[in-house]
Undergrad: 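What follows is a structure written as structure tokens; I'll ask about it next.
Residue numbering restarts at 1 for every chain, and letters A, B, ... go by the order of the sequence lines. All values reported here derive from a predicted model rather than from experimental measurement.
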Protein chains: 2
Amino acid sequence: MTPARMTRQRAAIIDAISDGDFRSAQAWHESLRGAGSAIGLATVYRTLQSLADDGDVDTVVSESGETLYRWCAAHTTHHHHLRCRSCGTAEEIDLPSFEQWSRAIASARGYTEIEHTVELTGLCHACSTELDH
Amino acid sequence: MTPARMTRQRAAIIDAISDGDFRSAQAWHESLRGAGSAIGLATVYRTLQSLADDGDVDTVVSESGETLYRWCAAHTTHHHHLRCRSCGTAEEIDLPSFEQWSRAIASARGYTEIEHTVELTGLCHACSTELDH
DNA sequence: TTGCTACTGATAATCATTGTCAATAAGGTT
DNA sequence: AACCTTATTGACAATGATTATCAGTAGCAA
Ligand SMILES: [Mn+2]
Ligand SMILES: [Mn+2]
Ligand SMILES: [Zn+2]
Ligand SMILES: [Zn+2]
């Protein structure tokens, strides 16, 4: 309800994740510690979740089950991601036809309260050539 | 490599999950215990994973992060699911246009080794009317 | 400046899943 | 049918990401 307080820690997190990759809470915590911040791990978890609730941060679940976070650039509309499994780089994509199609097929089968998850992953160009030798 | 041994426990699991719902390993374990089987939890985990590796069982990750398992009816082709978040019932669906489209957009942006996850969830007709009053 | 209270962080707790390892039993072989 | 090899089992401990505690701290509105 009340807007979140802009604490030193919250500012540091927002600053850190502005670089565009998807990383785990623990990985962001390590970056912040490496950059000299004495921020606590629990605070990183709490703040990332708070930002995600506000739509300022995107979340995705990795292959190993960890939640990954990244700054959201496309605030306005519902969208999905094409993410590199190796370096975490991601691009935002939208799937207008899929959105409509999924709602249609689900309600045709009697389902309500329809939701969907769509994530594309791969190896980005840089990682593809690097891992290729 | 060698085919899996058809143990009493494996047979009991296959029998139990033939009823079509998506449930967690722990939930399947409870069903089995309730039905009189003295099977161990670790065995349920291992066997479900083994069956999933063989393509006999489908897996999906729930909202809370648990892995859900169900018997796979459509063995032959790659497919996805429309699942009820309330009772676990699911139907298998295929998305021929999506499969091709996702590969196209990802490779157009320089990505290789492309994979995707697509899951549709909702409330099935029965659960919709029940929760509605 | 003061006061209220949200926020922080060290730490313990949670909980799904996996690892350990001695005992067991598939199932192929005499 | 008795035998052997070894995959499988299950009680239990360990892992690891995430969440809960709670006393101390610091936004920020008045
Ligand atoms: Mn976004
Ligand atoms: Mn299936
Ligand atoms: Zn990459
Ligand atoms: Zn249902």
Side-chain angles (χ1 to χ4, degrees), chain A residues 1-17 21-54 56-70 83 85 88 119, chain B residues 1-17 21-54 56-70 83 85 88 119:
Chain A
M1 302 296 147
T2 41
R5 291 181 182 174
M6 184 50 63
T7 63
R8 181 163 30 83
Q9 292 86 348
R10 190 181 185 88
I13 290 174
I14 292 174
D15 181 64
I17 67 177
D21 296 5
F22 270 109
R23 297 190 208 162
S24 68
Q26 313 230 19
W28 286 123
H29 181 240
E30 278 186 61
S31 318
L32 287 159
R33 292 308 262 276
S37 170
I39 192 170
L41 177 59
T43 300
V44 175
Y45 272 104
R46 278 183 303 235
T47 305
L48 287 172
Q49 278 170 7
S50 153
L51 291 168
D53 289 343
D54 295 344
D56 294 322
V57 157
D58 291 324
T59 62
V60 142
V61 177
S62 78
E63 297 68 50
S64 62
E66 291 173 287
T67 300
L68 307 180
Y69 305 83
R70 87 160 211 157
R83 172 175 58 90
R85 289 190 298 275
E119 292 299 331
Chain B
M1 301 294 150
T2 42
R5 291 182 182 175
M6 184 50 63
T7 63
R8 182 164 29 83
Q9 292 85 347
R10 191 179 184 90
I13 290 174
I14 292 174
D15 181 63
I17 66 178
D21 298 6
F22 270 109
R23 298 190 206 163
S24 68
Q26 313 230 19
W28 286 122
H29 181 239
E30 279 187 58
S31 318
L32 287 159
R33 292 309 261 275
S37 170
I39 191 171
L41 178 58
T43 300
V44 174
Y45 271 103
R46 280 184 301 235
T47 305
L48 286 172
Q49 279 171 4
S50 153
L51 290 168
D53 289 343
D54 294 346
D56 293 322
V57 157
D58 291 324
T59 63
V60 142
V61 177
S62 77
E63 297 67 49
S64 62
E66 292 173 286
T67 300
L68 307 180
Y69 305 84
R70 87 161 208 156
R83 173 175 58 90
R85 289 189 298 275
E119 293 298 331

Undergrad: Give me the first and last nucleotide of DNA chain D, going 5' to 3', that has any atom under 4.0 Å from a heavy atom of chain A.
TA: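 Extent of the interface on DNA chain D: D/dA17 to D/dC28.
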Undergrad: Locate the shortest heavy-atom distance separating A/L32 from A/A16; write the atom from each residue and the value.
TA: CD2-CB, 3.7 Å
Undergrad: Any chance you could measure B/E119, atom CD, to B/L68, atom CG, to the nearest 0.5 Å?
TA: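 If we round to the nearest 0.5 Å, B/E119:CD and B/L68:CG are 9.5 Å apart.
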Undergrad: Is A/H29 reaching over with its side chain to a backbone N or O of A/I39, donor-acceptor style, under 3.5 angstrom?
TA: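 Yes; at least one donor-acceptor contact below 3.5 Å.
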Undergrad: Quick one: do A/V60 and A/R70 satisfy side chain to side chain contact (heavy atoms under 4.5 Å, CB included)? Show the steps, please.
TA: CA-CA 9 Å; A/V60 142; A/R70 87 160 211 157; over 6 Å; no
Undergrad: Just the table, please: protein N/O against nucleotides 27-30 of chain C N/O, every pair under 3.5 Å.
TA:
unit_1	atom_1	unit_2	atom_2	d
C/dG27	OP1	B/M6	N	2.8

Undergrad: Nearest 0.5 Å, please: how far is CG in B/L48 from OG1 in B/T59?
TA: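 With rounding to 0.5 Å, OG1 (B/T59) is 10.0 Å from CG (B/L48).
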Undergrad: Walk along nucleotides 9-21 of chain C from 5' to 3' and tag each nucleotide B, S or - by protein heavy-atom contact under 4.0 Å, base first, then sugar-phosphate.
TA: BB-----SBBBB-
Undergrad: To the nearest 0.5 Å, how far apart are CH2 in B/W28 and OH in B/Y45?
TA: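 Those atoms lie 14.0 Å apart.
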Undergrad: What residues form a ring-ring contact (aromatic ring centres under 6.0 Å, His included) with A/Y69, not counting sequence neighbours?
TA: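 Expected list: none.
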Undergrad: Could you tell me which residues satisfy side-chain hydrogen bond (donor to acceptor under 3.5 Å, both in side chains) with B/R23, sequence neighbours excluded, listed by chain and number?
TA: B/D19, B/S31
Undergrad: Can you list every salt bridge (charged side-chain N to carboxylate O under 4.0 Å, His left out) pair that touches residues 28-47 of chain B, not counting sequence neighbours?
TA: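 Of all non-adjacent pairs touching residues 28-47 of chain B, none passes salt bridge (charged side-chain N to carboxylate O under 4.0 Å, His left out).
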Undergrad: For the OG1 atom of B/T67 and the CD atom of B/Q49, what is their distance to the nearest 0.5 Å?
TA: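 Those atoms lie 8.0 Å apart.
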